[in-house]
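The structure displayed is predicted, hence computed values, not measured ones.
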Amino acid sequence: AQGLLAEYRRALFAAMLFGGLAAAALGFFTARNGLRPLRRMAGTAGDISASRLDRRLEVAHAPEELKMLAATFNAMLERLHDSFTRLSDFSSDLAHELRTPINNLMGQTQVALSRVRSAEEYRAVLESNLEEYERLARMIGDMLFLAKADNVRVPLNAEEIDLRAELDKVAEYYEVLADDANLRIVCEGQGRVLADRILIQRAIGNLLSNAVRHAPPGSEIGASIADLGDAVELRVANPGPGIPPEHLTRVFDRFYQVDGARERPDAMECSGTGAGLGLAIVKSIMRLHGGDAGATSEPGRLTTFTLRFPASGRA
């Protein structure tokens, strides 16, 4: 009997040892197989760099528990890719915009120094150079404003203002340019918003300057205000060539200009215009106020820019 019990004991220990080893091996391979999608995701994430932001995690073959994580990670990569693309475009555009006035300054100075000139000629060169310096100063000032706005460091002196009164003030300022171009600015509507008076005047001014620059002679620029209850909208519309649909989503990007605007001289340049910064500033000002800016256009007919303010009670 003792021998039989010893034999059973040995068999039991052997079965337990074998079962434990089999369970450990099975658990190892099961876990390894289950974590394979996670390793693939880690490998793909490891391959992503600033120059390879187009890589994406596989969502379709991921386990149900990881699909939301993969989709969220891909959405983050999409935002990063978009930001890097815009940053790259911005850097090249900034270099282009700075190169033009600097080349002008260098060329004018080299011509002036090529031979002895009269005091009047030197004065004319200095006056011409001063215009380029002012253009550079405006561009740098606008870039500084946009940098502060991106980090929400622009102080807002918010107060309840009569939007129609501010629109009339800015429109009156641009009446001279409009008259020179044989244009009419027509304002209508009423609305009150909680906003920084100076920044709102700047946003409206950039839109009106843009409209005056692109409206054909003899036409009418419409500026209207509509109180929608939950928001107040200010619309500036002008006839003209319009904006092609593929450009509409990017007109508020910095330095973005449609139809080779860089090559066109801009005699009616205001802060931010002419360099492709005016609309970017408008967008930043509206975001600082919790609102938004948008654009619609019918090529060859009417282009409308809209400033949407939150209702005063919610601002």
Q: Run the side-chain donor-acceptor check on residues 216-223: report pairs under 3.5 Å with partners two or more places apart or on a different chain.
A:
unit_1	atom_1	unit_2	atom_2	d
S219	OG	P216	O	2.5
E220	OE1	R184	NH1	2.6

Q: CG of L302 to OG1 of T296: how many Å apart, nearest 0.5 Å?
A: 7.5 Å
Q: For E78, what residues pass the salt bridge (Lys or Arg N to Asp or Glu O under 4.0 Å) criterion, not counting sequence neighbours?
A: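 By the salt bridge (Lys or Arg N to Asp or Glu O under 4.0 Å) rule, E78 matches R56.
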Q: Anything under 3.5 Å between a donor and an acceptor, one on a side chain of residues 102-110, the other on a protein residue two or more places apart or in another chain? List them.
A:
unit_1	atom_1	unit_2	atom_2	d
N103	ND2	R99	O	3.4
N104	ND2	T100	O	3.4
N104	ND2	E132	OE2	3.2
Q108	OE1	S128	OG	3.1
Q108	NE2	S128	OG	2.9
T109	OG1	L105	O	2.7

Q: Can I get a per-line list of side-chain donor-acceptor pairs under 3.5 Å for residues 235-244, giving both atom names and the distance, sequence neighbours left out?
A:
unit_1	atom_1	unit_2	atom_2	d
R235	NE	E233	OE1	3.3
R235	NH2	E233	OE1	2.6

Q: Can you tell whether the side chains of D230 and R308 come within less than 4.0 Å, N to carboxylate O?
A: yes
Q: Quick check: closest heavy atoms across L183 and V212, and the distance to 0.1 Å?
A: CD1-O, 3.7 Å
Q: Can you sort out the partners of D168 under salt bridge (Lys or Arg N to Asp or Glu O under 4.0 Å), two or more places apart, ordered by chain and number?
A: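 Per chain and number, D168 pairs via salt bridge (Lys or Arg N to Asp or Glu O under 4.0 Å) with R164.
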Q: Are the side chains of R192 and L163 in contact, using a 4.5 Å heavy-atom criterion?
A: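 A side-chain contact under 4.5 Å is absent here.
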Q: Spell out, as yes or no, whether a donor-acceptor pair under 3.5 Å connects the side chain of S209 to the backbone of G205.
A: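 No, because the side chain of S209 does not come within donor-acceptor range (under 3.5 Å) of the backbone of G205.
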Q: Applying side chain to side chain donor-acceptor pair (under 3.5 Å), can you list everything that pairs with D82, at least two apart in sequence or on another chain?
A: R86
Q: If the condition is salt bridge (Lys or Arg N to Asp or Glu O under 4.0 Å), which residues does E127 pass it with, not counting sequence neighbours?
A: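 For E127 the salt bridge (Lys or Arg N to Asp or Glu O under 4.0 Å) partners, ignoring immediate neighbours, are R123.
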Q: Under 3.5 Å, is there a donor-acceptor pair between the side chain of H81 and the main chain of L77?
A: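 No; zero donor-acceptor contacts below 3.5 Å.
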Q: What residues, two or more places apart in sequence or in another chain, satisfy side chain to side chain donor-acceptor pair (under 3.5 Å) together with E298?
A: R301
Q: Under the rule for side chain to side chain donor-acceptor pair (under 3.5 Å), what residues qualify as partners of Q201, not counting sequence neighbours?
A: E166
Q: Under the side chain to side chain donor-acceptor pair (under 3.5 Å) rule, collect the residues that match up with R10, sequence neighbours excluded.
A: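 Testing R10 for side chain to side chain donor-acceptor pair (under 3.5 Å), a comparison that skips the adjacent residues, returns E7.
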Q: By the side-chain hydrogen bond (donor to acceptor under 3.5 Å, both in side chains) test, which pairs, at least two apart or in different chains, include something from residues 277-286?
A: K283-D292
Q: Quick check against the 3.5 Å criterion: does N206 have a side-chain atom that pairs as donor or acceptor with the backbone of L279?
A: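 No; zero donor-acceptor contacts below 3.5 Å.
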Q: Considering only Ile, Leu, Val, Met, Phe, Trp and Tyr, and joining two whenever side-chain heavy atoms are under 4.5 Å apart, list the other residues clustered with V125.
A: none
